[in-house]
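Take a look at the structure below.
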Amino acid sequence: KYGLSRFESVGQSFDPNRHEAMMSEQGDCDEPVVVEEYMKGYMLRERVLRSAKVKVRMPAAKTGADTATE
């Protein structure tokens, strides 16, 4: 009635405007991805009312051999 809605986070790209990262882990991915949701996020029409508290999978750090320049 007033435009309040929940938004899903698991499986979505991490967006610091919508998500608050509580924990993170290294993993096999190209960009940060939400893997677990601890508290649901809510929007009021188009504005974030409460950000979701989530666990984020971060891309694995590059090794020295991958980033070496000649």
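Residues: numbered from 1 along the sequence shown. If you're wondering where the values come from, they're calculated on a predicted model, not measured in any experiment. In what follows, every heavy atom counts, from backbone to side chain, and hydrogens, waters and symmetry copies are set aside.
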**Prompt:** Is any side-chain heavy atom of Q12 less than 4.5 Å from a side-chain heavy atom of F7?
**Reply:** no
**Prompt:** Should P59 and P32 count as side-chain neighbours, where that means a heavy-atom distance under 4.5 Å?
**Reply:** yes
**Message:** Suppose we screen for salt bridge (charged side-chain N to carboxylate O under 4.0 Å, His left out). Which residues come up paired with R18, at least two apart in sequence or across chains?
**Reply:** none
**Request:** Could you tell me whether the side chain of V56 reaches within less than 4.5 Å of the side chain of H19, counting heavy atoms only?
**Result:** no
**Request:** Report yes if the side chains of M43 and L49 come closer than 4.5 Å at any heavy-atom pair, otherwise no.
**Result:** no
**Fill in**
What one should report as the nearest heavy-atom pair of V35 and V10 is O-CG1, 4.0 Å
**Message:** Distance check, rounded to the nearest 0.5 Å: R57 atom CZ versus C29 atom SG?
**Reply:** 6.5 Å
**Asked** Does a side-chain N-to-carboxylate-O contact under 4.0 Å join E8 and K40?
**Response** yes
**Prompt:** For M22 and M39, what are the C-alpha separation, side-chain angles and deciding distance, and is it a side chain to side chain contact (heavy atoms under 4.5 Å, CB included)?
**Reply:** CA-CA 10 Å; M22 303 302 289; M39 186 179 287; over 6 Å; no
**Request:** Please report the closest heavy-atom contact between Y2 and L44, naming both atoms and the distance.
**Result:** O-CD1, 3.6 Å
**Message:** Could you see if M58 belongs to whatever hydrophobic cluster contains F14? Use Ile, Leu, Val, Met, Phe, Trp, Tyr and a side-chain cutoff under 4.5 Å.
**Reply:** yes
**Fill in**
To the nearest 0.5 Å, atom OG of S5 lies from atom CD of E46 at 8.5 Å
**Prompt:** Hey, what do you get for CZ (R50) to CZ (R6), rounding to the nearest 0.5 Å?
**Reply:** 9.0 Å
